[in-house]
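Before I ask anything, let me first share the structure, which is written out below as structure tokens.
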Amino acid sequence: MNFNQNYFEIFGLPIEYDIDPGGLSDRFLELQKEVHPDRFASSSEQEKRVAMQWATLVNSANETLKSSLKRAIYLLQLKGVELEENPQLPPAFLMEQIELREKLEDIEDGDGDLDELDSFKREVKGVVAAIENKFSDLVTEDLAKAEVLVYEMQFLNKLLIAANQLEEKLLDY
Amino acid sequence: MALLQITEPGQAADPHDRKRAAGIDLGTTNSLIASVREGVAATLPDMEGRHMLPSVVRYTAEGPIIGAEALEQAALDPHNTIVSVKRLMGRGVEDVRSLGEQLPYRFSEESSGLARIETAAGVVSPIEVSAEILRSLVERASETLAGELDGVVITVPAYFDDAQRQATKDAAQLAGANVLRLLNEPTAAAIAYGLDTGDEGVIAIYDLGGGTFDVSVLRLRRGVFEVLATGGDSSLGGDDFDHAIAEWLIEESGFEGDLSAELQRALLMKARSAKEALTSAEQATISHSDADFKVDAELSRDAFNELISPLVDNTIRACRRSVRDAGVALEEIDNVVLVGGSTRVPLVVSKVADYFGAQPLNDIDPDKVVAVGAALQADVLVGNKPDEEMLLLDVLPLSLGLETMGGLSEKVIARNTPIPIAKAQEFTTYKDGQTAMLIHVVQGERELVDDCRSLARFELTGIPAMVAGAAKIEVTFRVDADGLLSVSARETSTGVEASVEVKPSYGLTDDEITQMLKSSFDHAADDAAQRSLAEARVEAGRVIEALGNALAEDGEALLPAQDIDMLQQAIKKLQERLSGDDTRAITEGTEMLGRASEEFASLRMDAAVRRALAGKQIADLDNEMSDNEV
């Protein structure tokens, strides 16, 4: 096994941001059918170990590639970009974030309407999708700008997590 | 093939003989064993035609009694008769007490970890109790199938944490069974249904057993069962319905004070009968009368429904959560499968139907469906169906985390992550010259460590002495396909491997298991040696067979002639050792053969991966290679 292969290569996919989720998932299943340890339940310890390593690698690759945020971060890493822990974000973006945060707080402080929360999540996802589109172009042209977009995605991802936590609370999980 | 002449006295020489495999449903209330015979998976009955083995062990001075005979004595000898032991697996005494019920056992006070019970036959752990049940089932199968089992698949609730899974595997080891896989019960049920119908789509499995509740959402596509999400409650089941009825009875009787263990057991058994009667009847009569306690009560279906409604609602809430975790819309779920005897309760069926908006499937006996699915999977894993495409992709049921400063749990691997998986986390020292570090691994979703399950404490030692914060210790967590965790650690700046000592919070240490295995052979000293030799031979045979098959399939395509020759020689050498009875020589020979074939195993896997991506056969790759050489 060649551990130097990157996740895209493991799946036989071109190293680019846009990915066909159906194609990724098909390749994931085909690979697991070959490498999963269950295929080697009656084999030697060596084959079991190799299978375990491969299946783990295929799972990790799939987890990374199928998430648009993790895929973006990974792609930047491949291009040698090291992300900062506390990045500077454009003021305009931060203003937009404050407004979104306030909106979420209003939903929580109000009667916690699930429909409102739903439309809020849709709005945030719309913003994320637009950033992802920009990232897809910029990652081949301007890494510094692409890097900022990833920070924005991370920011919005945290907001979505907060929205999901509120949803769990409202649904009484 | 000449390579495969490994014969043991009394065993068939034909390597193409079908292997003996079985699926075991190790249940809270009842256990079953099933096997595929002539293409049909079915549960195996005992000599008296009974399929279900009550999961009950009664310890007497003369030895353990297992099953129906033990159950009959449960009310008379409650201290020595262990029922529903599954609820104690991987649990401490405090957990057991917090289950909110009075258990009639005398818990041994000596150990703070795993709960242990004092019996007429000495102190036993839940793992040993489970091992007795497994041993009884395995013996039944060996008799029915006329030979030792080559491997078993044991089912566990999907929601079982690492300690509970490890306890189950340890029990199998004590029982002398070769575990091919721990399989999640809902997945087993899906296999039982899936293979019959050949469906594609999203399935929800609602599994309410005696002591556990599981819900799983699976996608079946191209022969692959992919678990999308799983959830539930490992301490909620049909037994709780019995308890609800029993509490109602006590209320009705006006009795106050402490109930004796015998009376508790008697009331619970009457409650269970009433519950079962109410499956078809609208009304059940319950009466009990002795010196201390008198009750004569009528329980209507409606009143029963009211008693259990909050419990059933809890299961529906878990369903909602799992559907959400799975990322599917409720409408996308094509089928709902009911598993577990407790799904016979009419209120359960109607609430499940209401929530999912579909009539649930229950045409396979809900008591047997898990064992049947496990048997089908065992048949595949043991190698009886080399062309079978079926594959199960499971997920981690509960997040794994580490204790950080302030008693918080930092999640390392999130729940519903597909397994096997590995994640590395970096730690550093906080004192100058610090050479050891304590790491506490927990499992669960809550923020506070105290609200999660403690799995183990790892002590990392041998860290090179450096200034505070300079050492970088990379701790890698691996979860295998059974959902079991292992940990390794490395100091990254020097490359020094730190050693990891595992102290399971609620389990047996390896030493304890070895000790138990040894003591079970005490009465027959030769047995242990005989058994090691037999095991070494089986393992050697397995490796020879696997390598022989692999060479036949891919040897010429992947290896130069001299390497093939070398491996053939190595096989021959091990075969020679097999004819002797030197256990160590055989074990070492097996290891040597394993090491010699390591590179080949890797090459085969690489080829398989290429094939999967290109949709090509190895033969084609071979042709390409020779073309290039020309």
Side-chain angles (χ1 to χ4, degrees), chain A residues 1-3 5 8-13 21-64 66-67 70 114 118 121 161 164-165 167-173, chain B residues 19 150-151 153 180-181 221-224 226 317-318 320-321 324 377-378 380-383 389-393 417-423 478-482 539 542-547 549-550 590-591 593-595 597-602 604-606 608-615:
Chain A
M1 157 161 64
N2 183 359
F3 279 107
Q5 274 189 324
F8 292 95
E9 287 164 351
I10 284 164
F11 279 89
L13 292 167
L24 177 69
S25 151
D26 285 351
R27 280 158 191 263
F28 169 69
L29 291 187
E30 290 310 315
L31 282 177
Q32 283 294 13
K33 273 189 190 175
E34 294 294 335
V35 305
H36 194 275
D38 279 0
R39 286 273 177 260
F40 304 88
S42 304
S43 304
S44 65
E45 290 306 316
Q46 280 67 33
E47 288 197 300
K48 280 185 195 169
R49 205 172 59 233
V50 175
M52 168 89 170
Q53 286 170 341
W54 260 105
T56 301
L57 184 64
V58 169
N59 273 336
S60 304
N62 189 48
E63 289 296 291
T64 300
K66 79 177 184 196
S67 145
K70 287 183 189 163
L114 276 172
D118 249 10
K121 278 167 71 178
I161 290 173
N164 282 332
Q165 278 167 346
E167 190 178 64
E168 293 201 1
K169 207 168 109 191
L170 295 178
L171 289 169
D172 181 29
Y173 287 139
Chain B
K19 296 233 168 65
D150 293 290
V153 166
L180 298 164
R181 173 85 128 92
R221 194 159 59 104
R222 297 178 172 197
V224 178
E226 197 178 354
R317 201 167 21 242
R320 275 211 319 247
R321 185 182 187 127
R324 187 170 173 275
Q377 173 72 350
V380 173
L381 293 183
V382 84
E389 287 276 283
M390 179 178 84
L391 181 66
L392 310 177
L393 298 178
T417 300
I419 51 175
I421 196 77
K423 289 257 165 87
R478 280 190 188 77
V479 180
D480 69 12
D482 287 333
E539 179 60 23
R542 216 158 51 98
V543 172
I544 291 175
E545 184 181 337
L547 183 55
N549 288 341
T590 307
E591 278 166 17
L593 186 58
R595 276 197 298 277
S597 63
E598 208 156 340
E599 177 66 18
F600 181 44
S602 246
R604 287 191 79 213
M605 196 67 86
D606 290 347
V609 167
R610 284 200 302 271
R611 193 170 53 213
L613 289 179

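Convention: sequence-line order gives letters A, B, ...; per-chain numbering from 1. What you are looking at is a predicted structure, and each value in this text was computed from that prediction instead of being measured.
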Output all residues satisfying salt bridge (Lys or Arg N to Asp or Glu O under 4.0 Å) with Asp118(A), sequence neighbours left out; order by chain, then residue number.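 Applying salt bridge (Lys or Arg N to Asp or Glu O under 4.0 Å) to Asp118(A) gives none.
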So which of Asp150(B), Val543(B), Leu393(B) has the biggest tally of heavy-atom pairs under 4.5 Å with chain A?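 Maximum pair count with chain A is reached by Leu393(B).
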Hey, what do you get for CZ (Arg49(A)) to CD (Glu598(B)), rounding to the nearest 0.5 Å?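 Spacing of CZ (Arg49(A)) from CD (Glu598(B)) equals 4.5 Å.
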Does Asp480(B) pair with Lys48(A) as a salt bridge, N-O distance under 4.0 Å?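 No salt bridge links Asp480(B) with Lys48(A).
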Closest non-hydrogen atom pair, Leu381(B) against Ala41(A):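 That closest heavy-atom pairing would be O-CB, 3.5 Å.
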Of the listed residues (Gly151(B), Ala481(B), Ala422(B), Gly594(B)), which shares the most heavy-atom pairs with chain A below a 4.5 Å separation?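 The residue among Gly151(B), Ala481(B), Ala422(B), Gly594(B) with the greatest pair count is Gly594(B).
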Looking at CD of Glu34(A) and CG of Asp606(B), how far apart are the two atoms once the value is rounded to the nearest 0.5 Å?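 One finds 12.0 Å between CD of Glu34(A) and CG of Asp606(B).
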Side chain to side chain donor-acceptor pair (under 3.5 Å) with Asn164(A): which residues, sequence neighbours excluded?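 Asn164(A) satisfies side chain to side chain donor-acceptor pair (under 3.5 Å) with Lys121(A) only.
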Segment of Glu63(A) engaging chain B (4.5 angstrom heavy-atom cut-off):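 It is the side chain, since no backbone atom gets that close.
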From Lys33(A) atom NZ to Leu391(B) atom CG, the distance as rounded to the nearest 0.5 Å: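 CG of Leu391(B) is found 8.0 Å from NZ of Lys33(A).
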Do Arg542(B) and Ser43(A) meet the criterion of a side-chain donor-acceptor pair at a distance under 3.5 Å?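 There is no such pair (donor and acceptor under 3.5 Å, judged by atom type) between the side chains of Arg542(B) and Ser43(A).
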Would you say the side-chain atoms of Asn59(A) pair up with the backbone N or O of Pro420(B), donor to acceptor, closer than 3.5 Å?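 Yes; judged by distance alone, with no hydrogens or angles, the pair exists.
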Just how far is it from atom CE of Met605(B) to atom CZ of Phe40(A), taken to the nearest 0.5 Å?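 Here the rounded value is 3.5 Å.
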Please assess Thr56(A) against Arg478(B) for the test side-chain contact (heavy atoms from CB on, under 4.5 Å), listing each intermediate value before the final yes or no. CA-CA 9 Å; Thr56(A) 301; Arg478(B) 280 190 188 77; over 6 Å; no
Under 4.5 Å from any heavy atom of chain A - which part of Ile419(B):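 The answer is the backbone of Ile419(B).
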Output the distance between atom CD (Gln46(A)) and atom OG (Ser602(B)), rounded to the nearest 0.5 Å.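 Rounded to the nearest 0.5 Å, the CD-OG separation comes to 10.5 Å.
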Taking every heavy-atom pair that is under 4.5 Å apart, which of Leu180(B), Val382(B), Val380(B) has the most such pairs with chain A?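 Among the listed options, the one with the most contacts to chain A is Val382(B).
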Should Glu226(B) and Leu29(A) be marked as a side-chain contact (heavy atoms from CB on, under 4.5 Å) after you check the CA-CA gap, both sets of side-chain angles, and the distance that decides it? CA-CA 9 Å; Glu226(B) 197 178 354; Leu29(A) 291 187; 4.1 Å; yes
Going from CG on Leu547(B) to OG on Ser44(A), what distance comes out if it is rounded to the nearest 0.5 angstrom?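 Those atoms lie 7.0 Å apart.
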Among Glu45(A), Arg39(A), Arg27(A), residue most engaged with chain B (heavy-atom pairs, under 4.5 Å):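 If we count pairs closer than 4.5 Å to chain B, Arg39(A) comes out on top.
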Student check: side-chain heavy atoms of Gln32(A) and Pro418(B) closer than 4.5 Å: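 Not touching, per the 4.5 Å side-chain cut-off.
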Given side chains that start at C-beta, do those of Gln377(B) and Asp38(A) come closer than 4.5 Å, heavy atoms only?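 Gln377(B) vs Asp38(A): side chains touch.
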Contacting region of Asp26(A) [heavy-atom separation from chain B under 4.5 Å]: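 Answer is both: backbone and side chain atoms of Asp26(A) are under 4.5 Å from chain B.
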